[in-house]
Amino acid sequence: MRLIQQTVRAEFHYPVHFTRDAFRPDNQILRNVLGSGNEGQRRILFVVDKGVCTSERQLLTQIDTYCHAHAEVIQSVAASIVIPGGEVVKNSSEYVDIVRDAVNVHHICRHSFVIAIGGGAVLDMVGYAAATSHRGVRLIRMPTTVLAQNDSGVGVKNGVNLYGKKNFLGTFAPPFAVINDLEFLESLSDRDWRSGLAEAVKVGLIKDAAFFEYLEATTPSLAHRGAAAMEHAVYRCAELHLEHIRGADPFESGSSRPLDFGHWAAHRLEQLTLYRLRHGEAVAIGIALDATYSHLVGMLSEPEWSRIINILLRLGFSLYVPELECRGVGKDCALLDGLSEFREHLGGQLTIMLLEGIGRGVEVHNMHPGVIARSAAILHHLARERSISHAV
Ligand SMILES: NC(=O)c1ccc[n+]([C@@H]2O[C@H](COP(=O)([O-])OP(=O)(O)OC[C@H]3O[C@@H](n4cnc5c(N)ncnc54)[C@H](O)[C@@H]3O)[C@@H](O)[C@H]2O)c1
Ligand SMILES: [Zn+2]
C-alpha cells in the first residue's frame, strides 16, 4: 500500500475600490485594475442589470465611451448584454446560459474579463456563469445596490437557485476586483436603498457594537437617503465583511457561518413569499426573529432587544409577514424547514448565530421550535400594535 499526501495552497488577493462615476473617462480605477498598457488589450464582456440601465439611462453609452477612451487596455468584445435584475435571473438556467454562450461566442478566455454591473442577484448569477466557464474566467464586480456593495458583491460566493432552494448551485470564487461606485445608489428605489441596511445592522450586531451605535445615531439620515451616512455605512459594513472572510473560513468548510445571523429564517422567508420580499427585507425579519429568540431564552437583555427592534423599525422595515406563522409547531411549520435546509446547505452540525449582547454573536447548535413560534408571535403582536402593514 502506498500513499501520497498532497497539500495545495492558494492565496487570493483582490482590491475593493470605493469611488464615484467609475465610467467617467478620467476615472482610472477600472483601467488600472485591468493592468498596464504594455500588456496590450484585454477582451472584456460587460453584463449589465436592466434595472440599472433603466434608471441610469446613459450607462451603456458611458461604458462605450470609457472603453473608447482606454482602448489601449480595453477591447469590448460585444455590446453590453443587458439582463433583467432581481431574483428572476437566479431562478432559471436561462440567464446563466446567455452569459456562458457569450463567453463562448466572444472567445472570453481565462485572461479575459467578464464585468458584471448590477444588484446582488445579477452578480451572483454572472459570477456563477463566469466561475464555471473554462473553470473560471476573471470576474470584475461592479455592485449597484447597497446590499451588493456592502455585502454580497465584496465576498467570494456566487450562486443560482434550484429545486426551490436558494443558491443550490454555486461556487466559491474570489473576484478579480470589486469596484463600488457609490453614485449608483442614488437611483435605487427606497426599498432597495433600505434593504441593504439590514446587512449593516447584522454585521454590527454580531461583530461591532460601535458600528451598530453609528447606525443608531444616523438612522434618521439613513432612512431619508442621506448620502454621507450611507457612504460610511457601506464602507464599514464591507470592511467588516471582508475582515471576517479574511480571518476565518472563507470557503466555509466548517459548520459555522457567523455572517449568516438571521439568515436561516431569511432564506426560507424569501422562498415562502415567492421572493415578494427582497433579501435584505427578509434578513431584517430574520434578525428580529433571532434577536427575539435570544431574548426569550435569556441570552439578550430586554433593553438591547428593544434597541434592535427599534432600529429596524426606524429604518422602515416591516418585521412581520404571515409566512412567519408557525401553525402546528413541529409538524407543518414551513418556516422551521429553513433550519434543516440551512444545516444541509453547509453540512455538519446545525450551527446558528444568536446574540448575547449588541456586538456579541454566539453560536448555538439547537433551536426550540416552541420558542421560535413564540418569537414569531411577538413580532406579529408588535406589527399589529404599531399597525405596521406587512404587505410589501
Ligand atoms: N453571494 C453572496 O454572498 C450573497 C450575499 C447576500 C445576498 N446575496 C444575494 O443577493 C441578492 C439580492 O441582491 P440585492 O439586494 O442587490 O437585490 P437585487 O439584485 O434583487 O436587485 C433589486 C432590484 O434593484 C434593481 N437595481 C439594481 N441596481 C440598481 C440601481 N443602481 N438603480 C436602480 N435599480 C437598481 C435591480 O434591477 C432589481 O430590480 C439575492 O439573490 C441574495 O441571495 C448573495
Ligand atoms: Zn444576506
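Keep in mind it's a predicted model, so treat the numbers as computed, not measured. One-based numbering, in listed order, for ligands and for the atoms of each.
Ring-centre distance between His134 and His107: not below the 6.0 Å cut-off. Close placement of the Phe113 and Phe176 rings is indicated, their centers lying within 6.0 Å of each other.
Between Val48, Asn158, Leu188, Leu59, it is Leu188 that holds the heavy atom closest to atom 30 (C) of ligand 1. Across Ile245, Asp124, Thr54, Leu147, heavy-atom proximity to atom 44 (C) of ligand 1 is greatest for Asp124. With atom 25 (C) of ligand 1 as the reference point, the heavy atom nearest to it among Gly118, Ala198, Gly51, Ser189 is part of Gly51. With Ala266, Ser187, Ser152 as candidates, the residue nearest to atom 8 (N) of ligand 1 on a non-hydrogen basis is Ser152.
Residue-level proximity to ligand 1 for Leu185 is absent, since no heavy atom of it falls below 4.0 angstrom. Neither the backbone nor the side chain of Glu270 comes within contact range of ligand 1; no heavy atom lies under 4.0 Å. With a heavy-atom cut-off of 4.0 Å, Arg278 touches ligand 1 through its side chain alone. Contact annotation: for His279 versus ligand 1, heavy atoms closer than 4.0 Å belong to the side chain alone.
Asp49 OD1, 2.6 Å is the protein heavy atom nearest to atom 37 (O) of ligand 1. The nearest protein atom to atom 17 (O) of ligand 1, hydrogens excluded, is given as Gly120 N, 4.2 Å; this is a heavy-atom distance. Scanning the protein heavy atoms around atom 23 (C) of ligand 1, the nearest turns out to be Asp192 OD2, 3.5 Å. Looking at atom 41 (O) of ligand 1, its nearest protein heavy atom turns out to be Glu87 OE1, 2.7 Å. For atom 19 (O) of ligand 1, the closest non-hydrogen atom on the protein side is Ala121 N, 2.9 Å. At the top of the distance list for atom 42 (C) of ligand 1, counting protein heavy atoms only, stands Lys166 NZ, 3.5 Å. The protein atom (non-hydrogen) at minimum distance from atom 28 (N) of ligand 1 is Thr144 OG1, 2.7 Å. Annotation: atom 38 (C) of ligand 1 to nearest protein heavy atom, Gly86 N, 3.7 Å.
Arg110 places a side-chain heavy atom less than 4.5 Å from the side chain of Arg135. In this structure the side chain of Leu379 reaches within 4.5 angstrom of the side chain of Ile309, judged on heavy atoms. Side chains of Glu270 and Glu281 form no contact here, defined as non-hydrogen atoms less than 4.5 Å apart. For the pair Leu355/Arg360, no side-chain contact is recorded, criterion being any heavy-atom separation below 4.5 Å from C-beta on.
Considering backbone and side-chain atoms alike, Val52 places every N or O at 3.5 Å or more from each N or O of ligand 1.
Ring geometry, Phe211 versus His232: the interplanar angle exceeds 60°, so the pair is classed perpendicular (tilted spans 30 to 60°).
Counting the atoms of ligand 1 from 1 in the order shown, those under 4.0 Å from a heavy atom of Lys157 are 1 (N), 3 (O). Those atoms of ligand 1 that come under 4.0 Å of a heavy atom in Asp151, given as number and element, are 5 (C), 6 (C). If you number the atoms of ligand 1 from 1 as listed, the ones under 4.0 Å from a heavy atom of Thr145 come out as 14 (P), 16 (O), 27 (C), 28 (N).
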* Under the side chain to side chain contact (heavy atoms under 4.5 Å, CB included) criterion, do Leu45 and Ile81 qualify, and how do the steps go? -> CA-CA 8 Å; Leu45 177 71; Ile81 299 176; 4.0 Å; yes
* Please report the C-alpha distance between Leu185 and Arg225 in whole Å, then the side-chain angles of each, then the deciding distance to 0.1 Å, and finally whether the side chain to side chain contact (heavy atoms under 4.5 Å, CB included) criterion is met. => CA-CA 10 Å; Leu185 306 185; Arg225 304 195 67 130; 6.0 Å; no
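The Zn ion (ligand 2) has an N, O or S atom of Glu199 closer than 2.8 Å.
Closest non-hydrogen pair, Ser152 versus Gly120, comes out as OG-CA, 3.5 Å. Between Leu123 and Gly153, the closest heavy-atom pair is CD1-CA, 4.0 Å. Smallest separation of non-hydrogen atoms from Phe12 and Phe251: CE1-CZ, 3.9 Å.
Judged by distance alone, the side chain of Ser221 and the main-chain N or O of Thr218 form no donor-acceptor pair under 3.5 Å.
Closest to the Zn ion (ligand 2) among the N, O or S atoms of His263 is NE2.
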